[in-house]
Amino acid sequence: MLKVQLPDGSTRQYGEAITPGDIAAEIGPGLAKAAIAAELDGAIVGLDHRLPDAGEVQLRLLTRKDPAALSVMRHSCAHVMARAVMRLKKGTRLAFGPTVEGGFYYDFELDEPLREDDFPALEAEMQRIIKSDEPFEQIELPREQALQICRDLAQPYKVEHIEEGLEGHDTMSFYRQGEFLDLCRGPHVPTAGAIGAFKLLSLAGAYWKGDASRPQLQRLYGTAFFTKPELDEHLRLVEEAKKRDHRVLGKRLDLFSINPLVGSGLILWHPKGAIVRGLLEGFIKDELRRRGYLPVYAPHIGRIELYKTSGHYPYYKESMFTPIVMEDGEEFLLKPMNCPHHVMVYKAKPRSYRELPLRLAEFGTVYRFEQSGELSGMTRVRGFTQDDAHIFCTHEQVPDEFRACLEMTQFVLDCLGLKSYRVRLGFREPASDKYVGDAANWEAAQQSLIEVCQSLGIDAKIELGEAAFYGPKADFVVKDCIGREWQLGTVQLDYNLPSEERFNLEYIGADNRPHRPAMIHRAPLGSLERFVGVLIEHFAGAFPLWLAPEQVRVLAVSQKFEEYGRQVEQQLVAAGLRASGDYRPEKIGAKVRDAQLELVPYMFVVGNREQEQGEVSVRDRIDGDQGAVKVQAAIDKLLAEVRNRTVRQTFGGDAGLGERSARNEY
RNA sequence: GCCAGCGUAGCUCAAUUGGCAGAGCAGUUGAUUUGUAAUCAACAGGUUGUGGGUUCAAGUCCCUCCGCUGGCUCCA
């Protein structure tokens, strides 16, 4: 006897084998038609899933209104896409085809590669398959039979996956849809007709099982929604994301450039971009001073022996610039990290416990030879500046220092209007022996990270095995205003560099004996390049007043008022505002338009009326014409907005562009 | 690094089947003196990313390299 509890609290009892589809039909023909999948005790299953014969289960029938149903449908759409590819390209070998955030993909190996030109034909074929509305039918087969079928179908990747990936599974799940049969655990929509509007998006390379030493397959990306308007809205958001791309805006707003003659991945900060960066640096410097950090400076290169001692060389040799070799054989490296230099500052003299915690801070520029295919605008570069600091402290001080670091990062992000973020806690894999440092210290440090996050109200997720070999870490992952996630700030504990086999750091304790300090690396913004890139996209180039490269522009109604305009402009500059003036022989409408397109936060319009009254007409970039006020009153208003670092406007929306993470395997 | 695609004026984009490289904006000059998102006109702007090849003829077809884009892999 099976007892089924439904979301409304009602229960139903069944004596015979039953499926969610049967139950839906029993409740009503409308639900039977609308149901797409079901949630059985928290797990998503198909409508044809056979419920247990006895016991008690909770069941929820999912319609197209449930987000979980969308994933099921997209996965089915991936199958339809694969079926279409196999119809058009004979001999296609199938790999994996899961759902990802914002859509789905399927990996194939073909004799003739797919091209984007093939998309229209593929989409037409998919449309035909959906129209014929054939059911998705699950088939469970014993291991040997499953293997034989995949061999008969000439699907070597499926065979390999059964043999290696699904070792220990006795039965295999397949889904059949017409002539298309695929190893798949599902679930799927009942029939292809449930698939709504879809679109093929892009073509890419992907290694089999994500392993660069294995064959490279072709990955076909697509997306699907239950209705055409939803698909159109999604595509519109993707277009919106493209418009606020920091590479596009960086060029249009003259913030930065990258020049092949200078080198890939090397940022040229133009004056306007440099203003934004400088303001951020100033903001951070003030915070560091307030929080007891001491500024230091270190050179951009160091002898190779420094990095041999730190252990970075030759371990990270592949992602470093080649050493500079002098005539006498001495070698230098462009520094890929600031820590070894800062460690040497620590080691410059004997340290007492009374000096700890010692917090050494520097905007340190580092160089890493990232793979060419990895470079992207300001967010992935070969030379970047970290708002770096290294804290040397006793093990007892670690929790307080963690707290201060996380609190500062939180403060900085809040000030910049980045309100949506989470923290990834990278902890050690308990069973592994790849980590340096004392296990008890690790345990205490990890525990304190959890407690600090809790007390600061930070949404933190523990990821076992994601720690660096030298210590646990907390990475801040920030979500921008269209839902994309970026890893920015980081706090990392380091048991390696202070160790005897590395720099052998010591301090003299209260017991007059030497002790080993702990070391924390931390950077609230991460890299200024990436951070500014993310800020550009987050604000769509429209920086809040305190960060805007140009804060006010004086617009003269005609050239007759140039003199008064320049006078106002001077007052603005004297008040500490970044101001300019537009005295061209253009109509005021044209000047307004230009300032508006350049995203200048405020325009002060001056003409005859203003000149006579000692006023300016304030035009707000967001709210438009605000009418005339005395010059000093206008300045005071702006100064207050700067002082408070007011964030007045960000742009909303979520294009489903977060971390692309595979959910359904095979 | 790997797979696929792309590269035309500062920017956005045209150029029939391989047949005289073109437009808008930006720029310069001149006229206009303007009241809240584009005043008018003239001028100038190019070794079509680089180097090679096929052809009577290459922006267009083939190869090389460089760069960019989307992914994959990597990320101290």
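Letters go in sequence order (proteins before strands), and every chain restarts at 1. Source: prediction; values computed, not measured.
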Hey, does A/Arg619 reach any base, or is it just sugar-phosphate, or nothing, if we go heavy atoms under 4.0 Å? base
Please pick, from B/U34, B/U36, B/C2, the nucleotide with the shortest atom-to-atom distance to any side-chain atom of A/Tyr207. B/C2
Does any N or O donor sit under 3.5 Å from an N or O acceptor when you compare the side chain of A/Glu370 with the base of B/C75? no
Is the distance between the ring centroids of A/Tyr106 and A/Phe108 under 6.0 Å? yes
Please say which of A/Lys591, A/Arg621, A/Arg619, A/Arg553 ends up in a side chain to side chain donor-acceptor pair (under 3.5 Å) with A/Gln596. A/Arg619
Per A/Met320 side chain, nearest of listed nucleotides B/G1, B/A76, B/G70: B/A76
Answer with yes or no whether the side chains of A/Ser527 and A/Gln386 bring together a donor and an acceptor at under 3.5 Å. no
Tell me the interatomic distance from A/Tyr367, atom OH, to B/C75, atom P, rounded to whole angstroms. 23 Å
What pairs of donor and acceptor atoms, side-chain ones from residues 600-610 of chain A against any protein atom, are under 3.5 angstrom apart with sequence neighbours left out?
from: A/Tyr602; atom 1: OH; to: A/Lys637; atom 2: NZ; distance (Å): 3.3
from: A/Tyr602; atom 1: OH; to: A/Glu641; atom 2: OE1; distance (Å): 2.6
from: A/Tyr602; atom 1: OH; to: A/Arg648; atom 2: NH1; distance (Å): 3.1
from: A/Glu610; atom 1: OE1; to: A/Gly607; atom 2: N; distance (Å): 2.9
from: A/Glu610; atom 1: OE2; to: A/Ser617; atom 2: OG; distance (Å): 2.6

Would you say the side chain of A/Arg252 and the base of B/C11 hold a donor-acceptor pair, judged only by whether the two atoms sit under 3.5 Å apart? no
Is there a side-chain polar atom (N or O) of A/Ser319 under 4.0 Å from OP1 or OP2 of B/C75? no
Answer with base, sugar-phosphate or nothing: what part of the nucleic acid does A/Ile588 contact at a heavy-atom distance below 4.0 Å? sugar-phosphate
Flag the pair A/Tyr105 / A/Tyr221 as yes when their ring centroid distance falls below 6.0 Å, and as no otherwise. yes
Here the distance between atom P of B/U39 and atom CD of A/Glu586, to the nearest Å, is 6 Å
I want to check one thing: is the phosphate of B/U36, taken as OP1 and OP2, less than 4.0 Å away from some side-chain N or O of A/Lys591? no
Nearest heavy-atom approach of A/Cys393 to A/Glu401 is SG-CG, 4.2 Å
Please check the phosphate of B/U69 (OP1 and OP2 only) for any side-chain N or O of A/Arg247 closer than 4.0 Å. yes
Of the nucleotides B/U34, B/C3, B/G1, which has the atom closest to the A/Gln371 side chain? B/G1
Nearest to the A/Pro585 side chain among B/A76, B/U32, B/A38, which nucleotide is it? B/U32
Tell me which nucleotide among B/U34, B/A37, B/C68 gets nearest to the side chain of A/Val592. B/A37
Is the centre of the A/Trp208 ring less than 6.0 Å from the centre of the A/Phe96 ring? yes
Give RNA chain B the dot-bracket treatment, 5' to 3': Watson-Crick (N1-N3 with N6-O4 or O6-N4) or G-U (N1-O2, O6-N3) under 3.5 Å, [ ] crossing, | other strand. (((((((..((((.....[..)))).(((((.......))))).....(.(((..]....))).))))))))....
Choosing from B/C3, B/A76, B/U33, which nucleotide comes nearest the side chain of A/Lys560? B/U33
Does a side-chain N or O from A/Arg584 land closer than 4.0 Å to OP1 or OP2 of B/A38, or not? no
Do any side-chain nitrogens or oxygens of A/Ser617 fall under 4.0 Å of OP1 or OP2 in B/U36? no
Under 3.5 Å, is there a donor on one side chain and an acceptor on the other for A/Glu537 and A/His246? yes
Look at the side chain of A/Arg380 and decide which nucleotide, out of B/G35, B/C75, B/G70, has an atom nearest to it. B/C75
Testing B/C11, B/G70, B/C72 for proximity to the side chain of A/Lys251, the answer is B/C11
Could you give the CZ-to-P distance, from A/Arg115 to B/A4, as a whole number of Å? 10 Å
